[in-house]
Number of protein chains: 2
Amino acid sequence: MKSVFKGLNDPTRREILELLRENDMTAGEIVERFRISGPSISHHLDLLKQAKLVIAEKEGQFIYYSLNTTVVDEIMKWLLQIKTKKK
Amino acid sequence: MKSVFKGLNDPTRREILELLRENDMTAGEIVERFRISGPSISHHLDLLKQAKLVIAEKEGQFIYYSLNTTVVDEIMKWLLQIKTKKK
DNA sequence: ATAGTATTTAGACATTTGTCTAAATATACA
DNA sequence: TGTATATTTAGACAAATGTCTAAATACTAT
């Protein structure tokens, strides 16, 4: 939960999630979309992975990243709970 | 949007939101619920206010804080969008 | 084996963040 | 007016964060 909020709290990471909504992508393809260095993107991908917001799968020399939306449900549940004020 | 994610990215602030779900509270009442100093809580309240997650209303020497859930809708919308993968 | 490509790991560095204490501001009341 | 209460503002400081370059690892193909 904590790691999910952390994962979402960076514009680059949110943009990565938006990209992955369209298509699964390799780390390299993701890097191409940003002006940030490869290692920095790799670090962001690691945080997203820790938050279980993405899944990484190795295919040969590439690593494919894809969205994992099950964790998003948890956050939505929490937000919905907050939304139902008692008073 | 950015400030909302930031607002949500701290356990103390999330706990404050959960408290305010039950009842509107004064700054002092909120401080009592934590072991953190008054100024620190005040700072968290300020961030929540900037994110428009809470509303502050002065009543005499007290300041009442209450939830503002309209911003939560925005986040939920974004999350829903992420959830609807294209591929 | 060697060289090339894809990606991550390591380490450094500036910025942001969360916390604190001390001081300032605002209101209530005697 | 003066004192107590409620809350914020200011400034300091350690820890966390996002970025970079250089080096390491893993796989492919010549």
Side-chain angles (χ1 to χ4, degrees), chain A residues 1-20 22-68 71 75 78, chain B residues 1-20 22-68 71 75 78:
Chain A
M1 185 84 157
K2 189 173 168 179
S3 64
V4 181
F5 281 114
K6 180 175 175 175
L8 295 171
N9 188 38
D10 178 88
T12 300
R13 289 196 289 272
R14 290 196 295 273
E15 217 175 314
I16 290 173
L17 295 178
E18 287 173 1
L19 280 177
L20 293 179
E22 312 281 339
N23 279 303
D24 296 355
M25 291 172 85
T26 68
E29 287 171 332
I30 296 170
V31 168
E32 283 174 10
R33 302 297 201 98
F34 296 88
R35 295 196 178 180
I36 300 171
S37 73
S40 293
I41 294 293
S42 181
H43 178 235
H44 284 306
L45 288 171
D46 185 47
L47 291 178
L48 289 172
K49 207 163 48 185
Q50 283 175 221
K52 293 184 182 162
L53 281 162
V54 303
I55 292 166
E57 275 176 300
K58 192 155 202 169
E59 270 186 45
Q61 56 189 326
F62 300 96
I63 298 179
Y64 276 87
Y65 283 90
S66 59
L67 268 187
N68 177 28
V71 193
I75 298 298
W78 188 87
Chain B
M1 184 83 157
K2 189 175 167 176
S3 64
V4 182
F5 281 113
K6 181 175 175 174
L8 295 172
N9 189 37
D10 178 88
T12 301
R13 289 197 290 274
R14 290 195 296 272
E15 217 175 314
I16 290 173
L17 295 178
E18 286 172 2
L19 280 176
L20 292 179
E22 312 282 340
N23 280 302
D24 296 356
M25 293 173 86
T26 66
E29 287 171 332
I30 296 170
V31 168
E32 282 173 11
R33 301 299 201 97
F34 296 88
R35 295 194 177 180
I36 300 171
S37 73
S40 293
I41 294 293
S42 181
H43 177 235
H44 285 306
L45 288 171
D46 185 47
L47 292 179
L48 289 172
K49 206 164 48 186
Q50 282 175 225
K52 293 182 181 161
L53 281 162
V54 304
I55 292 165
E57 276 175 300
K58 192 156 204 168
E59 269 184 47
Q61 56 189 328
F62 301 95
I63 299 179
Y64 276 88
Y65 283 91
S66 59
L67 267 187
N68 177 27
V71 193
I75 298 296
W78 188 86

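Please read these numbers as outputs of a predicted model, since none were measured by experiment. Every heavy atom of this structure was used, including side-chain atoms; hydrogens, water molecules and symmetry mates were not. Below, chain A is the first sequence line, B the second, and so on; all start at residue 1.
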For residues 49-61 of chain B, run the donor-acceptor check on the side chains, cut-off 3.5 Å, and write out each pair with its distance to 0.1 Å, sequence neighbours left out.
none

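- With values rounded to the nearest 0.5 angstrom, B:Arg35 atom CZ is found 13.0 Å from B:Ile41 atom CD1.
- Nearest heavy atom pair, residue A:Lys2 against residue B:Asn9, reads O-OD1, 4.4 Å.
- With rounding to the nearest 0.5 angstrom, the CG atom of B:Leu47 is 9.5 Å from the CD1 atom of B:Ile16.
- Of the possible donor and acceptor atoms, none in the side chain of A:Arg13 sits under 3.5 Å from a partner among the backbone N and O of A:His44.
- Remark: the backbone N or O of B:Met25 is not paired with any side-chain donor or acceptor of B:Asn23 at under 3.5 angstrom.
- Considering CD1 of B:Ile75 and CG of A:Leu8, their distance stands at 8.5 Å, rounded to 0.5 Å.
- Atom CG of A:Leu67 is separated from atom CD of A:Glu22 by 10.0 Å, given to the nearest 0.5 angstrom.
- A straight line from CD of A:Glu29 to P of C:dT5 spans 17 Å, rounded to a whole angstrom.
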Quick one: do A:Leu17 and B:Trp78 satisfy side chain to side chain contact (heavy atoms under 4.5 Å, CB included)? Show the steps, please. CA-CA 11 Å; A:Leu17 295 178; B:Trp78 188 86; 4.1 Å; yes
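- Of all the residues in residues 53-64 of chain B, B:Gln61, B:Phe62, B:Ile63 reach under 4.0 Å from DNA chain D with at least one non-hydrogen atom.
- When DNA chain D is scanned 5' to 3' for any atom under 4.0 Å from a heavy atom of chain B, the first and last hits are D:dT5 to D:dT9.
- Residues of residues 40-47 of chain B having a heavy atom closer than 4.0 Å to DNA chain C, listed by number: B:Ser40, B:His43, B:His44, B:Leu47.
- DNA chain D is contacted by no residue of residues 3-17 of chain B, taking any non-hydrogen atom closer than 4.0 Å.
- Here B:Tyr65 lies in heavy-atom contact (under 4.0 Å) with sugar-phosphate atoms only.
- Listed by chain and number, the residues in a side chain to side chain contact (heavy atoms under 4.5 Å, CB included) with B:Ser42 amount to none (sequence neighbours excluded).
- Looking at every heavy atom in both residues, A:Asp24 comes nearest to A:Ser66 through OD1-CB, 3.2 Å.
- Here CZ of A:Phe34 is found 6.0 Å from OG1 of A:Thr12. Values are rounded to the nearest 0.5 Å.
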Kindly determine whether A:Ile30 and A:Leu20 satisfy side chain to side chain contact (heavy atoms under 4.5 Å, CB included), including the steps that lead there. CA-CA 9 Å; A:Ile30 296 170; A:Leu20 293 179; 4.2 Å; yes
